[in-house]
Amino acid sequence: MSNDTPRRDFIREMVAEDAASGRFGRPICTRFPPEPNGYPHIGHAKSICLNFGIAREFGGKVHLRFDDTNPFTEDIKYVEAIKRDIRWLGFEWDEEFYASDYFERLYEIAVALVRKGKAYVDSENEEEIREHRGTVTVAGTPSRYRDRSVEENLDLLARMKAGEFPDGAHVLRAKIDLAHPNMIMRDPLLYRIRHATHYRRGDAWCIYPLYDYAHGLSDAIEGITHSLCTLEFKDNKDIYDWLVREAGFTPPPEQTEFARLVLDYTVVSKRKLLRLVNEGHVTGWDDPRLHTLSGIRRRGVTPEAIRAFADGVGVARKPARTEMAAYEHAVRNDLNMRVPRVLCVVKPLKVVITNYPEGQVEQLEASYYPHDVPKTGSRMVPFSRELYIDRDDFMEDPPKKFYRLGPGREVRLRYGYFITCTDVVKDAAGEVVELRCTYDPATRGGDSPDGRKVQGTIHWVSAAHAVDCELRLYETLFTVPDPDDVPDGQDFTSVLNPNSLTVVRGAKVEPSVAADPIGSRYQFERTGYFVSDDDSKPGALVFNRTVTLRDSWAKEKGKS
RNA sequence: UGCCCCAUCGUCCAAUGGCAGGACAGCGGUCUUUGGAUCCGCUAAUGGUGGUUCGAAUCCACCUGGGGCAACCA
């Protein structure tokens with residue numbers, strides 16, 4: 001786990017109390033209950049960390065339960081993706097369950113409710129039911145079928161199950177109160193008819209329980225103690241409690257709500273993700289610009305970083321938005337201690353070292369890690385007469401605070417030599433195409449014996465040895481923190497960031513990385529953290545920028 | 001408009017009737033063979049009005065503001 005002394009949020013305090021008092025007479029048991037109809041995202045990660053974390057911290061168990069009660073939308077491919085992503089995050093469930101395995105038990109409970117007069121078959125159509133439910137300010141009115149006899153209800157329910165009726169002909173509803181101030185309690189629907197093939201149960205069933213019915217009872221059946229969900233289910237707690245009580249579960253599991261994670265500049269709803277994918281705004285569910293766990297993974301973020309981020313965000317009841325800076329901090333903080341540094345030139349500018357012997361190649365030792373990272377290792381990087389540096393590291397007419405190369409200036413080539421720019425070569429259009437420099441042979445490795453200081457250190461590669469690569473530079477997918485906060489008549493697609501992806505071809509990376517496997521992470525010194533992409537091939541390397549380095553020069557530039 | 005939930009630095013989270021604190025961001029400095037990292041310092045908050053109390057961010061009332069609920073979705 002990423003932390004040994006987890007923050008005591010209000011949920012953990014409650015669980016600690018319940019564990020100490022023995023309230024449930026059994027070990028703490030939580031659950032993660034995804035519906036297998038989409039890919040897990042950063043918001044799920046918070047819930048996973050909470051539920052799995054609590055089970056671990058309190059010596060309890062955690063169940064992975066697929067809430068697969070809607071045959072229209074669910075698919076086995078999503079259960080595989082969800083399992084893969086939970087494991088990637090670093091968690092393993094104690095038990096794996098499916099709500100669809102409880103269909104028989106759930107049906108028995110429904111029959112019992114009918115027998116008790118607590119549920120009835122309603123034969124009004126969808127529209128009538130909606131109308132009769134009333135509104136938030138006006139009470140609903142009972143269905144004309146509400147007072148059917150127990151016998152008739154039992155008969156109808158059995159025939160619904162037997163497949164005698166078409167979709168929509170009848171529903172099973174709890175008999176509570178059509179005037180209830182909580183809309184959820186106005187005789188909520190328990191079962192609907194769906195002649196559809198379920199991805200696990202096939203055609204065994206043609207009636208399917210709704211969320212409110214299946215969820216609480218599934219918790220109760222499994223002996224869940226703490227059922228943690230997001231704020232929007234607060235009103236559903238009434239029906240949750242009603243059902244587990246009517247079904248006779250004691251002590252009943254307790255639902256507690258917390259605020260979902262909302263990350264600035266992102267969207268995670270399945271509907272919106274689907275549109276982004278289908279309309280081609282992104283390349284797929286694992287597009288590195290998306291905050292699906294598959295996108296995050298492809299972007300090069302580690303599970304440890306996500307866990308640290310989730311811990312840092314905390315758990316509370318207040319709906320909140322989290323700044324992207326907090327996320328990026330967690331990512332950099334993790335990568336800083338983890339990945340080797342290598343040299344990569346993004347926009348190459350040729351440099352000829354005029355006093356360096358033609359044809360000579362030196363191998364210079366370059367540490368993989370800076371002095372303050374407790375890891376060791378190094379590789380040799382070739383140095384020769386013709387190099388590339390980044391265009392951004394040269395200015396013909398540099399301002400005072402620009403510490404890099406300019407005419408007549410001396411800088412250090414990282415792990416290399418001090419060089420001084422003597423000439424600037426331009427093409428017919430006046431663009432700088434080459435720099436001519438001299439090097440100081442006494443500064444090999446980057447130190448000058450005479451104690452002479454240079455302002456700047458820049459990265460470089462040897463022109464003849466560097467490997468061409470493609471860089472994919474990502475920015476936020478949206479231009480505004482809240483992509484749903486747009487003028488009337490527009491939606492989140494109107495605030496897509498046209499610069500969310502910049503593909504750089506012809507970048508030059510040092511040869512040491514040429515044969516590394518896909519998924520290898522690096523810091524390209526002074527540029528950012530990168531990971532080799534799934535598309536990367538030997539001879540056609542592709543790197544995703546996971547996150548930039550903090551850049552105080554960019555800030556300084558912005559001031560003027 | 002009925003019911004429910006919520007309200008602390010710019011952001012996120014603490015303080016559980018007794019000195020409002022941490023993290024991120026920002027600003028300034030230190031250090032530096034990454035304008036990275038580190039280290040140091042600074043800025044910055046209890047939505048409002050009443051009440052209870054020796055004492056209120058905390059308890060109560062009202063107000064204001066934000067969010068959720070009227071799918072045969074979850």
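Numbers restart at 1 for each chain; the letters A, B, ... are given by sequence-line order, proteins then strands.
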TODO: Would you state whether a donor and an acceptor, one from the side chain of A/Asp392 and one from the base of B/G35, lie under 3.5 Å apart?
DONE: no
Task: Presence of A/His329 side-chain N/O under 4.0 Å of B/C24 phosphate oxygens OP1/OP2 - done: yes
- [ ] Indicate, with a heavy-atom threshold strictly under 4.0 Å, whether A/Tyr208 touches base, sugar-phosphate, or nothing.
- [x] nothing
Task: Pair A/Tyr211 and A/Phe233, ring centroids less than 6.0 Å apart - done: yes
Open item on the list: Between A/Asp177 and A/Arg186 (salt bridge meaning N to carboxylate O under 4.0 Å), is one present in this structure?
Closed with: no
Open item on the list: OP1 or OP2 of B/A74 versus the side-chain N and O atoms of A/Lys270: is any pair under 4.0 Å?
Closed with: no
Open item on the list: Can you list everything that forms a side-chain contact (heavy atoms from CB on, under 4.5 Å) with A/Asn182? Sequence neighbours excluded, please.
Closed with: A/His180, A/Ile184, A/Met185, A/Asp235, A/Asp238
Open item on the list: In this structure, is the centre-to-centre distance between the rings of A/Tyr327 and A/His291 below 6.0 Å?
Closed with: yes
TODO: Could you check which of B/C72, B/A70, B/A25 has an atom nearest any side-chain atom of A/Met183?
DONE: B/A70
- [ ] Among B/A25, B/C6, B/A74, find the nucleotide with the atom closest to the side chain of A/Lys318.
- [x] B/C6
Task: Length of the line joining A/Phe10:CZ and B/C5:C1', which is rounded to integer Å - done: 11 Å
Open item on the list: Syn or anti for B/A45, given that syn means the glycosidic angle lies within 90° of 0?
Closed with: anti
- [ ] Please report, rounded to the nearest Å, how far the P atom of B/A71 is from the CD atom of A/Glu127.
- [x] 12 Å
Task: Closest-nucleotide 5' rank along RNA chain B - winner of A/Val136 and A/Tyr529 - done: A/Val136
Open item on the list: Regarding A/Leu231, tell me which of base, sugar-phosphate or nothing describes its non-hydrogen contacts under 4.0 Å with the strands shown.
Closed with: nothing
- [ ] Would you indicate, yes or no, if B/G36 has its OP1 or OP2 atom less than 4.0 angstrom from a side-chain nitrogen or oxygen of A/Ser552?
- [x] yes
- [ ] Would you please confirm or rule out a distance under 4.0 Å between OP1 or OP2 of B/C72 and any side-chain N or O of A/Arg194?
- [x] no
Task: Phosphate contact (B/A14 OP1 or OP2) by A/Arg8 side-chain N/O below 4.0 Å - done: no
Open item on the list: If the cut-off is 4.0 Å, is A/Arg260 near the phosphate of B/A74, judged by side-chain N/O to OP1 or OP2?
Closed with: no
Task: Distance, rounded to the nearest Å, where A/Asp235 contributes CG and B/A74 contributes C1' - done: 15 Å
- [ ] Considering only NZ, NE, NH1 and NH2 on the basic side and carboxylate oxygens on the acidic side, decide whether A/Asp390 and A/Lys347 come within less than 4.0 Å.
- [x] no
Open item on the list: Taking atom types as they are modelled, would you say the side chain of A/Glu323 forms a donor-acceptor pair with the base of B/G10 within the 3.5 Å cutoff?
Closed with: yes
Open item on the list: Taking the minimum atom-to-atom distance to the side chain of A/Ala325, which one of B/A25, B/C69, B/C5 wins?
Closed with: B/A25
Open item on the list: What's A/His215 touching, base or sugar-phosphate or nothing? Going by heavy atoms closer than 4.0 Å.
Closed with: nothing
Open item on the list: Please confirm whether the shortest side-chain N or O distance from A/Arg192 to OP1 or OP2 of B/C73 is below 4.0 Å.
Closed with: yes
Open item on the list: So, does A/Thr69 get its side chain near the phosphate of B/A74, meaning an N or O under 4.0 Å from OP1 or OP2?
Closed with: yes
- [ ] Identify whether any heavy atom of A/Glu126 sits under 4.0 Å from a base atom; if not, whether one sits that close to sugar-phosphate; answer base, sugar-phosphate or nothing.
- [x] base
TODO: Considering just the side-chain nitrogens and oxygens of A/Arg338, establish if one lies under 4.0 Å of OP1 or OP2 belonging to B/A37.
DONE: no
TODO: Could you check A/Asp551 against A/Ala326 and say which one's nearest nucleotide on RNA chain B is further toward the 5' end?
DONE: A/Ala326
Open item on the list: Just to be sure I understand the rule, does A/Asn125 reach a base, reach only the sugar-phosphate, or reach nothing, if contact means heavy atoms closer than 4.0 Å?
Closed with: base
Open item on the list: Mind checking if A/Thr135 touches a base, just sugar-phosphate, or nothing, with heavy atoms under 4.0 Å?
Closed with: base
Task: A/Lys270 atom NZ: more than 12 heavy-atom contacts under 6.0 Å - done: yes
Task: Distance-only donor-acceptor test (3.5 Å): side chain A/Arg332, base B/G36 - done: no
Open item on the list: Starting the side chain at C-beta, find the nucleotide from B/C69, B/C73, B/U34 nearest to A/Asn70.
Closed with: B/C73
TODO: Can you figure out which of B/A74, B/G35, B/G26 approaches the side chain of A/Arg404 most closely?
DONE: B/G35
Open item on the list: The side chain of A/Phe233 is closest to which nucleotide in this list: B/U34, B/C69, B/A74?
Closed with: B/A74
Open item on the list: Base, sugar-phosphate or nothing for A/Gln523? Non-hydrogen atoms, less than 4.0 Å.
Closed with: base
Task: Distance flag, aromatic centroids of A/Phe103 and A/Tyr208, threshold under 6.0 Å - done: yes
TODO: Starting at atom CZ of A/Phe309, determine the distance to atom P of B/C13, rounded to an integer number of angstrom.
DONE: 11 Å
Open item on the list: At 4.0 Å (heavy atoms only), tell me whether A/Asp372 reaches a base, stays on the sugar-phosphate, or touches nothing.
Closed with: base
- [ ] Pick base, sugar-phosphate or nothing for A/Glu124, based on heavy-atom distances below 4.0 Å to the nucleic acid.
- [x] base
Task: Base-pair map of RNA chain B as dot-bracket, where | denotes pairing with a different strand and pairs are Watson-Crick or G-U under 3.5 Å - done: .((((((..((((....[..)))).((((.........))))....(((((..]....))))))))))).....
Open item on the list: Below the 4.0 Å mark, does B/G26 have OP1 or OP2 next to a side-chain nitrogen or oxygen of A/Lys555?
Closed with: yes
Open item on the list: Rounded to whole Å, please give me the gap between CG in A/Asp238 and C1' in B/C69.
Closed with: 11 Å
TODO: Using a strict 4.0 Å threshold on nitrogen-to-oxygen distance, state whether A/Arg146 and A/Asp187 make a salt bridge.
DONE: yes
Open item on the list: Should the side chain of A/Arg321 and the base of B/U11 be counted as holding a donor-acceptor pair, with the cut-off at 3.5 Å?
Closed with: no
Task: Least distance between heavy atoms, A/Tyr415 atom then A/Ala366 atom - done: CD1-CB, 3.3 Å
- [ ] May I ask you to say what A/Phe402 touches in the nucleic acid, namely base, sugar-phosphate or nothing, with a heavy-atom cut-off under 4.0 Å?
- [x] base
Open item on the list: Classify A/Glu35 by what it touches in the nucleic acid, base, sugar-phosphate, or nothing, heavy-atom distance under 4.0 Å.
Closed with: sugar-phosphate
Open item on the list: Under 4.0 Å, counting only non-hydrogen atoms across every strand here, what does A/Asn236 touch: a base, just sugar-phosphate, or nothing?
Closed with: base
Task: OP1 or OP2 of B/C69 under 4.0 Å from side-chain N/O of A/Lys234 - done: no
Open item on the list: With heavy-atom distances below 4.5 Å as the criterion, would you say the side chains of A/Glu74 and A/Tyr78 are in contact?
Closed with: no
Task: Residues A/Asp167 and A/Arg192 bridged, charged N to O under 4.0 Å - done: no
Task: Touch class at under 4.0 angstrom, heavy-atom based, for A/Phe72 against every strand present - done: nothing
TODO: Answer with base, sugar-phosphate or nothing: what part of the nucleic acid does A/Lys401 contact at a heavy-atom distance below 4.0 Å?
DONE: base
